[in-house]
Amino acid sequence: MLSKRPPMGFNTWNTFGTNISDEVIRTTADAMVDLGLLDAGYEYLVIDDCWSKRERDPETGKIVPDEVKFPNGMKAVSDYVHSKGLKFGMYSCAGTRTCADYPASFDHEYLDAKTFAEYGADFLKYDFCYKPDFANGPLLYRKMSMALKASGREILFSACNWGSDEVEKWIRSTGAHMYRSTGDIFDAFRSMKEIALSQIDKINYSAFGCFNDMDMLTIGMYGNGNVAAKEQEKDFDTYYKTEFAVWCMFGCPLMLGGDIRKLNEFCLNLVKNKNFIRIDQDEECRPPFIVTRCGESITFARVLSDNQLAILCVNFGERDEYGRIYFENLGITAASGVGLHMKDCYTGEDLGVVREHWQTRLAPHDCRLFICDLA
Ligand code: GLA
């Protein structure tokens with residue numbers, strides 16, 4: 001079964017946009033292995049938009065890789081990725097052209113799925129630009145899902161319609177394994193916050209088999225690359241820590257978008273943090289719920305396997321705020337005498353057993369993530 005847990009990997013779009021190549025993919029594959037990211041769970045290496053020639057081959061009707069970017073063809077790239085123990089991902093779109101105006105799969109679903117299978121693809125991201133007005137969105141995703149299943153390979157289907165047509169209500173039925181639920185992220189706290197807050201009421205639809213994808217992570221981009229923001233971020237590291245904590249708390253796919261080959265120590269340690277990843281990948285795949293809201297500070301809790309709980313306090317605001325946990329809101333009554341043994345996932349600090357309520361001062365954009373045992 002694919003997508004038993006939220007998929008993890010890397011996608012080229014955030015950093016590279018159109019500047020992708022055989023070399024970018026090979027050096028990224030090397031880095032994913034050498035830096036321990038594959039060991040940490042990041043197994044998919046996905047090529048996003050802009051990989052093909054501008055038109056299909058007139059004779060075969062197939063999409064053809066750009067010969068300058070990929071002089072050895074796509075199978076050679078895929079073979080290299082596989083030789084490193086990674087899985088290989090491709091990109092197409094449900095409309096007539098991709099978002100960056102390359103040929104897309106409308107009316108060519110079965111041929112393209114077969115082509116991706118010939119490349120040895122294990123993953124397909126499927127976008128939503130240039131959809132003819134008369135076409136039915138859900139049916140387009142059903143078509144590509146079936147085409148992939150008929151291709152003879154097991155291919156993870158990553159739908160990307162940005163939350164259109166109330167996607168969360170039907171996408172699971174198409175056979176997709178993950179679905180983009182929002183517009184595109186850009187490298188700013190403001191964008192990450194908007195995406196996260198928009199999914200709080202929808203995250204219940206996300207579970208094993210088909211996960212809510214809040215977009216590729218921006219960790220490590222520091223204002224560079226293809227999705228750079230206009231504004232200057234004050235404190236990238238705090239924002240990246242909170243982004244990763246929120247994605248893990250929401251149980252989203254963890255698709256890295258920063259240039260892996262250049263990740264600094266802070267970002268590398270962050271995305272490899274075992275406690276954060278343990279929460280993201282928890283086998284029960286439960287959604288979080290809101291425990292307490294104070295101004296722009298929100299505390300989330302999530303029931304994990306092994307009688308554990310994850311708790312995340314986030315300050316989404318621009319001033320210092322308190323992150324608060326009221327145990328009654330968790331369902332842990334004062335009368336029960338039950339407490340929580342809290343451990344900080346980031347610092348490793350053991351807070352001991354806490355009862356009834358707890359609070360911490362949080363700087364703007366900062367967060368604290370805990371794994372707790374009932375005690
Ligand atoms: C859309 C998607 C992005 C990316 C681009 C490529 O905007 O949402 O994630 O794939 O297309 O053009």
Side-chain angles (χ1 to χ4, degrees), residues 6-21 24-25 28 44-55 63 65-66 69-70 74 88-106 112 116 121 123-132 135 137 140-141 144 148 155-168 171 176-188 191-192 194-196 198-199 202 211-221 224-230 243 247 252-260:
M8 294 171 68
F10 167 82
N11 173 301
T12 54
W13 183 251
N14 281 3
T15 291
F16 299 102
T18 184
N19 298 319
I20 44 174
S21 66
V24 163
I25 303 305
T28 299
Y44 289 100
L45 200 177
V46 182
I47 300 182
D48 207 281
D49 205 348
C50 310
W51 59 269
S52 77
K53 288 171 82 154
R54 286 285 178 187
E55 300 304 332
I63 308 187
D66 181 308
K69 292 173 180 169
F70 297 100
M74 215 38 108
F88 181 63
M90 290 297 306
Y91 166 96
S92 189
C93 176
T96 53
R97 305 287 290 177
T98 71
C99 299
D101 197 17
Y102 291 83
S105 296
F106 183 80
D112 291 352
F116 298 137
F123 181 113
L124 178 70
K125 174 172 168 182
Y126 204 50
D127 224 326
F128 203 52
C129 286
Y130 295 99
K131 178 184 86 83
L140 293 182
Y141 282 92
M144 185 46 99
L148 291 173
I155 299 178
L156 189 151
F157 187 31
S158 166
C160 177
N161 83 341
W162 325 304
S164 312
D165 300 328
E166 300 187 299
V167 66
E168 66 281 357
I171 192 71
H177 301 97
M178 57 194 261
Y179 60 99
R180 272 279 299 286
S181 50
T182 70
D184 290 11
I185 200 164
F186 53 92
D187 186 16
S191 168
M192 184 280 287
E194 192 184 314
I195 286 176
S198 77
Q199 294 309 300
K202 298 180 178 169
F211 291 95
N212 183 331
D213 170 13
M214 299 202 300
D215 210 350
M216 285 87 71
L217 296 156
T218 48
I219 296 165
M221 298 190 68
N224 301 304
N226 188 44
V227 298
K230 287 193 192 82
E243 176 178 63
W247 263 231
C252 290
L254 300 177
M255 300 302 289
L256 302 172
D259 188 342
I260 285 182

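Ligands are counted one by one from 1 in listed order, and the atoms in each one are counted from 1 as well.
For ligand 1 and R180, the ligand atoms under 4.0 Å from any heavy atom of the residue are 8 (O), 9 (O). Residue A100 approaches ligand 1 through these ligand atoms, each under 4.0 Å from one of its heavy atoms: 12 (O). In summary, the atoms of ligand 1 found under 4.0 Å from a heavy atom of C99, numbered by their order in the structure, are 1 (C), 11 (O), 12 (O). For ligand 1, the atoms closer than 4.0 angstrom to any heavy atom of D48 are 4 (C), 6 (C), 10 (O). Against a heavy-atom cut-off of under 4.0 Å, K125 is close to the following atoms of ligand 1: 3 (C), 4 (C), 9 (O), 10 (O).
Judged purely by distance below 3.5 Å, without hydrogens or angles, the side chains of D259 and T15 never pair a donor atom with an acceptor atom. With 3.5 Å as the limit, one finds no donor-acceptor pair spanning the side chains of S92 and D112.
Disulfide check for C129/C99 passes, with the SG atoms closer than 2.5 Å.
Between M214 and W247 the shortest heavy-atom distance is O-CZ2, 3.2 Å.
Taking distance alone, with nitrogen or oxygen atoms compared against 3.5 Å, D215 stays at or beyond that limit from ligand 1.
In summary, of the residues considered (F186, F16, W13), a side chain to side chain contact (heavy atoms under 4.5 Å, CB included) with N226 occurs for W13 alone.
With a heavy-atom cut-off of 4.0 Å, C50 does not touch ligand 1 at all. Contact annotation: for T98 versus ligand 1, there are no heavy atoms closer than 4.0 Å.
In this structure, the ring of Y126 has its center less than 6.0 angstrom from the ring center of Y141. Residues W162 and F128 bring their aromatic ring centres within 6.0 Å.
Residue, atom and distance of the protein heavy atom nearest to atom 12 (O) of ligand 1 are D49 OD2, 2.7 Å. Nearest to atom 2 (C) of ligand 1 among the protein's heavy atoms is D127 OD2, 3.1 Å. Of all protein heavy atoms, the one lying nearest to atom 7 (O) of ligand 1 is D184 OD2, 2.7 Å.
Not a single heavy atom of F128 sits less than 4.0 Å from an atom of ligand 1.
Within the cation-pi definition used here (under 6.0 Å to the ring centroid, within 45° of the axis), R97 does not qualify as a partner of Y102.
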